[in-house]
Amino acid sequence: MACAASLFAAVPLAAPVVIFKLTSDFKEDPSPHKVNLGVGAYRTDEGKPWVLPVVRKVEKCLANNDSLNHEYVPILGIPEFTQSACEIVLGADSPAISGQRTGGVQCLGGTGALRMGAEFLRAWYNGTNNSATPVYVSAPTWGNHNGVFGAAGFTDIRSYRYWDPAKRGLHLQGLLEDMENAPEYSIMVLHACAHNPTGTDPTPEEWKKIAEVMKKKSLFPFFDSAYQGFASGSLDKDAWAVRYFVSQGFELFCAQSFSKNFGLYNERVGNLCIVAKDTDNVKRIRSQMEKIARTIWSNPPAQGARIVATTLNDSALFAEWASNVKTMADRVLLMRAQLREKLEKLGTPGTWDHITQQIGMFSFTGLNPSQVEYMVKKKHIYLLGNGRINMCGLTTSNLDYVAESIKEAATGSQCQ
């Protein structure tokens, strides 16, 4: 008897996730000159992952704490974690905190926090089970934003202008025009700091203009905060936009990730910070999010959240963590300055001041797809097709090679 075809024979093979495929290609490349500028994680000047010293210290303390166990934590998360996470982004002196109109939900990384917020908004915002509410993301944006909101059931995902390729900076006029033309109650996904992939953030004055339009149009701010402290080295400066919106009376969500600023990439530590009009609204929102979490992950993991909560709630550990974060931020700033300097000294065509004007882990180089292809295939330097590079992939030992390769890509006939 012939074997029956598999029940799953018609399932198509999905395309690989681009960023992880890039890392896989890098690992398989035998070239001694290869450089990985794609991975979204911090690296030391030796090109190695870095476990923050404060994290190592807290891990040892937790391991030696016999009072801890492996029982389930509450569905909404460890209270000490969610409270301190909200405090760090809103500020301990936030009127929203003193007014008891904030609350947190522990999620699986920043992605989980975005998904939690998206699931709730689709079910309960601007009508019940309203999948047609427009969701706006920046053009360009992090590659997963569209997927997260689409998977949550939103069917009208649009983009607002953000990057101006001509000036290699923020397209403020286009951004404001698109928000002015957005339907009332649309959801706006905003990068709190260190915009991914461009590394270009609005100034405080520009944020004020954005907030003014959003308030006039009754647009809902959904911040994605993945790099607080990591961008500028200042926790407060990197939270400025979120705090300003709160001061202007907005109700908002802020998805927080502790992958970058704690180096806890594989612990999946995230928080969804909720700011509402009053305590009762927060209570009802969290009650519905508890139902959502129950059907997705039920109870969140404890280890990473314990590390973060322990650190944030101890003044000495907090100070050490802030110093560790600044160490990472300062290395990124140094690589930016040195790359720009080398490109300019080499006489690389174009202007390169945007390298130091941008902020955070990533830089939008301005390289076009054919130039990127040359970098990858001829020079074994791995970066995304849109020209985004991770500044942490640069080291003092590969900086000259990368700069020279960028010059070749920008000037060579192979890129015309």
Main-chain N/O of Ile78 paired to Gln106 side chain as donor or acceptor, under 3.5 Å: yes

Test item: Leu52 and Met328 side chains (from C-beta on) under 4.5 Å apart, heavy atoms: yes

Donor-acceptor under 3.5 Å (Asn36 side chain, Gly393 main chain): no

Residue pair Glu290, Arg286: steps toward the salt bridge (Lys or Arg N to Asp or Glu O under 4.0 Å) verdict: CA-CA 6 Å; Glu290 186 174 43; Arg286 293 179 82 237; over 6 Å; no

Validation row: Lys342, Lys345 side chains within 4.5 angstrom (heavy atoms): no

Distance-only donor-acceptor check, side chains Asn271 and Gln256, under 3.5 Å: yes

Qualifying residue, where the test is ring-ring contact (aromatic ring centres under 6.0 Å, His included) with His33 and the options are Phe26, Tyr382, Tyr401: Tyr401

Whether Trp163 and Phe364 hold their rings parallel, tilted or perpendicular, with breakpoints at 30° and 60°: perpendicular

Short side-chain to backbone donor-acceptor contact, Asn390 and Gly38, under 3.5 Å: no

Student check: side-chain heavy atoms of Glu267 and Phe258 closer than 4.5 Å: no

Parallel, tilted or perpendicular: rings of Phe250 and Phe245 (30°, 60°): tilted

Glu46 vs Thr395 side-chain heavy atoms within contact, under 4.5 Å: no

N/O donor-acceptor pair under 3.5 Å between Lys215 side chain and Gln248 backbone: yes

Intermediate values then yes/no, side-chain contact (heavy atoms from CB on, under 4.5 Å), Ser94 and Val246: CA-CA 8 Å; Ser94 172; Val246 172; 4.2 Å; yes

Glu205 with Lys208: basic N within carboxylate O range, under 4.0 Å: yes

Test ring-ring contact (aromatic ring centres under 6.0 Å, His included) applied to Tyr185 - qualifying residues, sequence neighbours left out: none

Any donor-acceptor pair under 3.5 Å from Lys217 side chain to Ala182 backbone: yes

Residues Gln83 and Glu87: side-chain donor-acceptor under 3.5 angstrom: no

Heavy-atom check, side chain of Phe362 versus side chain of Tyr227, under 4.5 Å: yes

Any donor-acceptor pair under 3.5 Å from Thr310 side chain to Ile307 backbone: no

Lys377 atom NZ: more than 12 heavy-atom contacts under 6.0 Å: no

Under 3.5 Å donor-acceptor, His191 side chain and Asp224 backbone: no

Donor-acceptor contact below 3.5 Å, side chain Asn130 vs main chain Asn126: yes

Salt bridge (Lys or Arg N to Asp or Glu O under 4.0 Å) partner of Glu320, chosen from Lys57, Lys326, Arg56: Lys57

Pairwise distance CG(Leu219) to CG(Leu252) - rounded to 0.5 angstrom: 13.0 Å

Note: Glu180-Lys216 ion pair, threshold 4.0 Å (strictly below): yes

Check: Arg122 side chain, Ser131 main-chain N or O, donor-acceptor pair, under 3.5 Å: no

Gap separating the CD1 atom of Ile355 from the CD1 atom of Ile406, nearest 0.5 angstrom: 7.0 Å

Residue Arg158 excluded, over 12 heavy atoms near CZ under 6.0 Å: yes

Interatomic distance, Arg388 atom CZ to Leu367 atom CG [nearest 0.5 angstrom]: 13.5 Å

Any side-chain donor near an acceptor of the partner, Ser218 and Glu184, under 3.5 Å: no

Atom CD of Glu212: over 12 foreign heavy atoms under 6.0 Å: no

Heavy-atom donor-acceptor pair, Gln358 side chain to Thr200 backbone, under 3.5 Å: no

Trp297 side chain near Met116 side chain, heavy-atom distance below 4.5 Å: yes

Residue pair Val54 / Thr311: nearest heavy atoms and the distance that separates them: CG2-CG2, 4.2 Å

Heavy-atom check, side chain of Arg101 versus side chain of Asn281, under 4.5 Å: no

Stepwise side-chain contact (heavy atoms from CB on, under 4.5 Å) test for Asp238 and Asn261: CA-CA 12 Å; Asp238 291 348; Asn261 57 14; over 6 Å; no

Qualifying residue for ring-ring contact (aromatic ring centres under 6.0 Å, His included) with Phe222, from Tyr125, Tyr136, Phe120, Phe253: Phe253

Distance-only side-chain donor-acceptor flag, Asp29 / Ser31, under 3.5 Å: no

Under 3.5 Å side-chain donor-acceptor pair for Ser405 and His380: no

Close side-chain approach of Pro204 to Trp240, heavy-atom, < 4.5 Å: yes

